[in-house]
Protein chains: 2
Amino acid sequence: MGGRRPQRADARTNRERILNVAEEVFGKGGQSASTEEVARLANVGIATVFRHFPTKAALLEAVLVQRFDRLREQAETLFHAPDPGAAFFDFFSHLVADAAGKIAIAEALFEAGGDHDGDAAQASDGLRRAVGALLQHAQRVGAVRDDVELPEVYALLVATSRASARAHLEEEVRDRMLTIIFDGLAPLRNARAQLKT
Amino acid sequence: MGGRRPQRADARTNRERILNVAEEVFGKGGQSASTEEVARLANVGIATVFRHFPTKAALLEAVLVQRFDRLREQAETLFHAPDPGAAFFDFFSHLVADAAGKIAIAEALFEAGGDHDGDAAQASDGLRRAVGALLQHAQRVGAVRDDVELPEVYALLVATSRASARAHLEEEVRDRMLTIIFDGLAPLRNARAQLKT
DNA sequence: CGCTATCCGAAGTCGCGACTCCGTATACTC
DNA sequence: GAGTATACGGAGTCGCGACTTCGGATAGCG
């Protein structure tokens with residue numbers, strides 16, 4: 001008994017292609033993009049999609065887990081960067097730029113902050129933790145104000161990601177937006193506090 | 001001929017009730033909330049909704065126009081406030097706080113920035129212009145850096161509004177997020193260098 | 001090269017939500 | 001208070017998209 005044959009080669013490649021196509025399709029059209037379009041662009045029947053991913057939600061979740069994990073790994077790579085300040089700001093910029101045109105990802109990143117459980121929420125949490133570590137390192141070297149905490153920083157990260165996810169936001173405007181936020185995160189604000197009195 | 005009777009009283013009140021209920025329903029559930037729910041909560045048949053607003057999109061647009069116009073009026077009220085700096089920041093905060101739980105409005109505010117035309121886009125544009133005026137006034141009195149422009153400020157406004165539109169964002173975190181942005185918008189970035197007088 | 005478990009695609013089913021039809025009810029006119 | 005245009009509600013229709021079924025193909029083992 002138990003003589004289970006291994007997965008067939010074509011099944012494996014199909015699953016992978018579906019996942020990649022789904023990332024693009026959901027990225028461009030959001031969660032409301034149709035499963036049929038994913039199948040068509042992957043040169044695959046609709047049934048094949050559902051065979052590999054029992055529901056549309058499962059497919060979306062698989063896409064998200066893949067993406068979140070990838071981002072988390074990138075963040076972890078920067079844990080031991082020589083300049084933690086640059087590491088933090090670079091990762092912030094990179095994530096926001098990366099979100100351009102990735103509607104579903106940005107949305108999910110956003111909602112996963114909440115109550116939903118499941119693999120995607122778990123992966124999202126891992127990313128959040130990694131960002132938290134980057135933030136702490138940056139604060140330790142004085143590149144970021146000590147009095148800011150992860151929740152508001154992450155909220156800003158998510159908000160700007162979502163903002164650049166949809167069209168109509170030129171790269172230049174996005175950068176100027178980030179400049180403002182980065183200025184707000186920088187320390188030495190108290191120069192003004194003394195003035196204000 | 002031409003003896004068109006005026007609109008009946010019950011029709012007028014129904015239209016108004018539908019519009020108000022729709023604002024709440026779309027606010028809470030986003031654009032994907034069903035027309036049938038609007039009808040039910042308004043104590044009205046589905047047909048009545050469609051009689052007043054030919055399509056769901058038209059209903060949504062009516063809601064948005066109402067909301068955008070109201071916000072624009074509030075902004076215009078502040079044009080001649082004694083303290084243009086406070087006026088700008090207060091309006092920013094107010095709009096973001098107001099967006100809490102108003103999913104559809106924040107989303108639409110966002111997308112209306114783009115190519116869509118129609119009444120909603122026009123109303124959205126009016127709001128944007130009003131914010132631009134507040135910004136200029138604030139800059140004129142030195143409450144906001146001179147080198148920021150409307151596009152990035154508006155993008156930040158929209159992004160934070162969207163962020164607080166959905167659940168999972170406590171009021172405190174929202175305020176801390178705004179503090180960071182406001183600090184980034186404040187002038188005197190080089191004050192610590194020259195300790196401005 | 002034949003056998004079979006595995007995998008595939010096309011053509012369905014099914015439910016949901018936007019929108020319509022029509023007989024009934026109600027506000028307004030005289 | 002009778003007549004009529006206007007408005008109403010509920011029971012439809014219709015299309016779309018998630019998911020299933022099943023006969024046919026194909027990989028991989030011997």
Side-chain angles (χ1 to χ4, degrees), chain A residues 1-64 103-104 107-108 118 120, chain B residues 1-64 103-104 107-108 118 120:
Chain A
M1 53 192 149
R4 300 283 307 267
R5 281 194 185 177
Q7 190 180 43
R8 250 166 61 174
D10 54 347
R12 261 176 57 80
T13 63
N14 271 338
R15 185 182 198 281
E16 212 160 312
R17 202 165 60 254
I18 289 169
L19 204 52
N20 289 333
V21 169
E23 177 164 357
E24 179 161 349
V25 170
F26 287 139
K28 187 154 46 171
Q31 323 186 4
S32 62
S34 73
T35 313
E36 184 260 341
E37 192 183 355
V38 174
R40 187 160 34 81
L41 294 184
N43 283 320
V44 146
I46 309 139
T48 301
V49 176
F50 282 98
R51 197 168 302 114
H52 287 291
F53 306 95
T55 67
K56 178 184 179 174
L59 172 58
L60 184 58
E61 180 154 62
V63 169
L64 296 174
I103 299 180
E107 299 288 321
Chain B
M1 49 187 144
R4 298 285 307 267
R5 282 194 185 176
Q7 190 180 42
R8 249 166 61 173
D10 54 346
R12 262 176 56 80
T13 64
N14 271 338
R15 186 182 197 283
E16 212 160 313
R17 201 165 59 253
I18 289 169
L19 203 53
N20 289 333
V21 169
E23 179 164 355
E24 178 161 351
V25 170
F26 287 139
K28 188 153 46 173
Q31 324 186 2
S32 62
S34 72
T35 313
E36 184 262 339
E37 191 183 355
V38 174
R40 188 160 35 81
L41 293 183
N43 283 319
V44 146
I46 308 140
T48 299
V49 176
F50 282 97
R51 195 168 302 113
H52 287 291
F53 306 94
T55 68
K56 178 184 179 173
L59 171 58
L60 184 59
E61 181 154 60
V63 169
L64 296 174
I103 299 180
E107 298 289 321

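Chain letters run A, B, ... following the sequence lines, proteins first, then strands; residues in each count from 1.
Between the CZ atom in B:R15 and the OG1 atom in B:T48 there is a gap of 13.0 Å [rounded to 0.5 Å]. Between atom CG of residue A:N14 and atom NE2 of residue A:H52 there is a gap of 5.5 Å, rounded to the nearest 0.5 Å. Here CD of A:E36 is found 11.5 Å from NZ of A:K56. Values are rounded to the nearest 0.5 Å. Interatomic distance, CD of B:E37 versus CD of B:E24, reported as 9.5 Å (0.5 Å rounding).
Following rounding to the nearest Å, A:N43 (CG) and C:dA10 (C1') show an atom-to-atom distance of 15 Å. Between the CD atom of B:E37 and the C1' atom of C:dC19 there is a distance of 18 Å, given to the nearest Å.
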**Message:** Before you tell me yes or no, could you show the steps for B:N43 and B:V21 under side-chain contact (heavy atoms from CB on, under 4.5 Å), namely the whole-Å CA-CA distance, both residues' side-chain angles and the distance that decides it to 0.1 Å?
**Reply:** CA-CA 10 Å; B:N43 283 319; B:V21 169; over 6 Å; no

Next item on the list: Could you walk me through whether A:T35 and A:F53 pass the side-chain contact (heavy atoms from CB on, under 4.5 Å) test, one step at a time?
Entry: CA-CA 11 Å; A:T35 313; A:F53 306 95; over 6 Å; no

Review point. Is there a side chain to side chain donor-acceptor pair (under 3.5 Å) between B:R17 and B:N20 once you walk through the steps?
Key: CA-CA 5 Å; B:R17 201 165 59 253; B:N20 289 333; over 6 Å; no

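Listed by residue number, A:R8, A:A9 are the residues of residues 8-28 of chain A with a heavy-atom contact under 4.0 Å to DNA chain D.
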For nucleotides 15-24 of chain D, 5' to 3', base contacts (B), sugar-phosphate-only contacts (S) and non-contacts (-) with protein non-hydrogen atoms under 4.0 Å give ---SBBB---

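A donor-acceptor contact shorter than 3.5 Å links the side chain of A:E61 to the backbone of A:A120.
OP1 or OP2 of C:dC8 has at least one side-chain nitrogen or oxygen of A:H52 nearer than 4.0 Å.
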